[in-house]
Amino acid sequence: MTAYPIDLIRASFPALDGSRTAYLDNPAGTLVPRPVIAAVADAMATASANLGGRFAASQRADTIWRAAHDAAAEFVNAASWQEMIIGPNMTTLAFQMGRVIGRTFSPGNEIIVTRMDHEGNVSPWLAMAEAYGLVVKWLAFNTESWRIEPEDLAALLTPRTKFLALNYASNMTGSINDVAALTAMAKAAGALVWIDAVQLAPHRLPDVQATGCDFLVCSSYKFFGPHLGVLWGREELLRALPPHRVRCQSDDIPDRFCTGTSQTELLAGLTATIDYLAWAGEANGHSGTRRERMARAYQSFDAYEAALTRRLISGLTALPGIRLVGIANPNLFAHRVPTISFTHERVSTHRFAEALAAEDINIWSGHNYALEPARHLGLPEDEGVVRIGIAHYNSAEEIERTLTAIERLVA
C-alpha cells in the first residue's frame, strides 16, 4: 500500500507555504490548491467574455462552461451534464429551486425538514411552505445514534407528503445519514427528495445513482474549489418543472434554471478542482478514469482523516469538562465525517476560538448556522459548540498542537 503523501498534498496548497497556521476551520470552507488558482486566473485573463459570441474569448468561455458541467456531472456520477445547475452557492440555489418546486404543490401538501440541518437546507423550504401554503413537519435526529433513524421518518410520512429535505452529513455533529434508505422510504410515499451533501463532499465522493434521490447539492468551496454551488437534478424532473429564467434564455436544461451571466473564471476553477481530486488519486498510487481516480483519492482521504479524528477525539474526551457532540466510538467512524464539535462545562466556546486563534489555530465557535441542531440539543444559540474540522491536508502535528492548546486552556 502506498503511504499517504501528506507532504506532497500540503505542497499543493499555497496557504500552507511556510505557514504555521493550522487550518481546522474546514467545515466552513476549505483551502484551494495551486491548479485551481491558476485556472481561475487564466480564465480571467483569456476568457473574460460573455457566452455565445463569435469571437475567441467568448468561445473560450463557452468551452470552460461546458467543461465545468461535464466535470460536475462526473463528480456526482450524473447521467448527463445537462442535469447540472451551477450557481453562486448552495443556499441561493435552494431558495431559487424552492420557488420552482413549490409551484408544483397544492395548499395543504406536506414537506419534511430535519432538526439536523444547516439553515441552507431549512430556511429555503420554510419560505417555500409559506409561499405555497404547505404544511411543515419536523424530523428529529436520534441523540444516541446521532443520526436520523428510519422509524422517525416513517412516523411522519403520509399520502400528503410531497417533499423531504435531507442532509447527508451534519455540519455540527459530523454524523452521516443512511440517505439511500431514507430516500427509498420517502420515494415510496410519493415524495421528492432533496439531499444536502455540502458536508459530505470534502470527505466522501457523492453518487446520485446510489442514493436514489431527486436532487443533490454541494458547494465547491467546501471541497477545495471556488465559491460556487453545484446542484444535480434528475433529467426528467428538471424538464417537467416550470422554468425560472429570463424570457430570452433557452428553455432547455440546465439553461431554464440559470439566471444571469455565468461566473466563467470560477467555472474554470471548478473543473480544475475535479482534476485536482483525480490527481490526488494518482498521488496515492492509483489510475483509471477521472472518477475512478477521484474515488481512490477519497478512499485515501478517509483512511488518513480517520486516524487524525481518532487521535483528536481520544485526546478531547480525556480532558475534564469536555462533552463531545457527536459519534465518539471509533468503531462507528464510518458513520461520521471528521467534523468534531464539543462544549465545556465552564469555558465559553468563543473563548476556545479566541485562545486557539492566538496560537494560529483556526476553528469555529457558535451555532455555525446549525440552528435546529443547537435547539434540539438544548444548546444556547449564542454559544453553540466549539467546532474543529479536519481535511486531507491537515497534519498529525497540527492535531497535537491543537490538543495541547485546549488542554492548557481547560487546565
Side-chain angles (χ1 to χ4, degrees), residues 28-30 32 36 39-40 43-44 47 50-52 61-62 64-76 78 80-103 117-125 127-128 165 167-168 192 194-202 206 208 213-235 237-239 241-274 369:
T30 51
V32 180
V36 174
V40 171
M44 294 189 79
N50 219 318
L51 305 178
D62 288 339
I64 288 169
W65 184 92
R66 174 58 189 273
H69 286 74
D70 285 336
E74 199 167 351
F75 181 68
V76 302
S80 165
W81 66 269
Q82 289 186 282
E83 295 181 322
M84 307 310 303
I85 300 169
I86 302 173
N89 53 68
M90 171 268 181
T91 304
T92 297
L93 286 173
F95 271 110
Q96 175 184 329
M97 294 306 292
R99 296 187 65 181
V100 172
I101 296 167
R103 289 169 61 188
D117 267 295
H118 178 283
E119 275 302 290
N121 204 31
V122 175
S123 287
W125 314 122
M128 178 179 76
N167 67 327
Y168 216 136
L192 297 175
W194 172 290
I195 293 179
D196 173 359
V198 168
Q199 292 298 318
L200 183 89
V208 297
C213 61
D214 298 293
F215 304 94
L216 183 140
V217 66
C218 51
S219 300
S220 59
Y221 72 97
K222 300 289 179 76
F223 59 89
F224 325 109
H227 281 82
L228 289 172
V230 178
L231 168 64
W232 168 84
R234 197 174 300 283
E235 180 172 352
L237 185 56
L238 292 179
R239 292 192 183 280
L241 287 171
H244 186 73
R245 56 176 173 80
V246 296
R247 291 178 298 172
C248 47
Q249 179 68 301
S250 165
D251 198 39
D252 201 1
I253 59 172
D255 294 348
R256 67 199 328 235
F257 303 113
C258 297
T259 58
T261 301
S262 297
Q263 296 158 293
T264 303
E265 68 279 6
L266 302 188
L267 292 174
L270 176 59
T271 301
T273 303
I274 305 304
Y369 287 84

How long is the gap from [atom1] on [X] to [atom2] on [Y], to the nearest 0.5 Å?
X      : Y      : atom1 : atom2 : value
Asn167 : Leu200 : CG    : CG    : 10.0 Å
Asn121 : Glu119 : CG    : CD    : 9.5 Å
His244 : Arg99  : NE2   : CZ    : 5.0 Å
Ile85  : Gln96  : CD1   : CD    : 7.0 Å
Asn50  : Trp65  : CG    : CH2   : 12.5 Å
Leu231 : Asp196 : CG    : CG    : 11.0 Å

Taking Thr91 for its side chain and Gly120 for its backbone only, find out whether a donor-acceptor pair lies under 3.5 Å. no
Donor-acceptor pair, side chain of Arg103 and main chain of Leu241, under 3.5 angstrom: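 Between the backbone of Leu241 and the side chain of Arg103 there is no qualifying donor-acceptor contact (under 3.5 Å).
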Which of parallel (below 30°), tilted (30 to 60°) and perpendicular (above 60°) describes Tyr221 and His227? parallel
How are the rings of Phe75 and Phe223 set relative to one another: parallel (under 30°), tilted (30 to 60°) or perpendicular (over 60°)? parallel
Work out which heavy atom in [X] is nearest to a heavy atom in [Y]; give both atom names and the distance.
X      : Y      : result
Trp81  : Ala73  : CA-CB, 3.8 Å
Ser80  : Glu235 : CB-OE1, 4.1 Å
Ala43  : Glu265 : CB-CA, 3.7 Å
Thr273 : Pro226 : OG1-CD, 3.6 Å
Cys218 : Ala201 : CB-CB, 4.1 Å
Asp255 : Ser250 : OD2-CB, 3.3 Å

Report the C-alpha separation of Leu238 and Phe215 in whole Å, then their side-chain angles, then the decisive distance to 0.1 Å, and conclude whether the side chain to side chain contact (heavy atoms under 4.5 Å, CB included) test is met. CA-CA 10 Å; Leu238 292 179; Phe215 304 94; 4.1 Å; yes
If we only count heavy atoms from C-beta on, is the Cys213 to Trp194 side-chain gap below 4.5 Å? no
Should Thr271 and Ile64 count as side-chain neighbours, where that means a heavy-atom distance under 4.5 Å?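 Contact flag for Thr271/Ile64 side chains = no.
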Determine, for Arg66 against Asp62, whether the closest basic-nitrogen to carboxylate-oxygen distance falls under 4.0 angstrom. no
CA sep, side-chain torsions, deciding dist, call: Val40, Val32, side chain to side chain contact (heavy atoms under 4.5 Å, CB included): CA-CA 11 Å; Val40 171; Val32 180; over 6 Å; no
How far apart are the C-alpha atoms of Arg245 and Asp251, what are their side-chain angles, what is the distance that settles it, and do they pass the side chain to side chain contact (heavy atoms under 4.5 Å, CB included) test? CA-CA 8 Å; Arg245 56 176 173 80; Asp251 198 39; 3.3 Å; yes
Of all residues at least two apart in sequence or in a different chain, which pass the ring-ring contact (aromatic ring centres under 6.0 Å, His included) check with Tyr369? His118, His367
Could you walk me through whether Gln82 and Asp252 satisfy the side chain to side chain donor-acceptor pair (under 3.5 Å) test, starting with their C-alpha distance in whole Å, then the side-chain angles of each, then the deciding distance to 0.1 Å, before giving a yes or no? CA-CA 9 Å; Gln82 289 186 282; Asp252 201 1; 3.3 Å; yes
Set out, in order, the CA-CA distance, both residues' side-chain angles and the distance that settles side chain to side chain contact (heavy atoms under 4.5 Å, CB included) for Val76 and Met84, then state yes or no. CA-CA 9 Å; Val76 302; Met84 307 310 303; 3.9 Å; yes
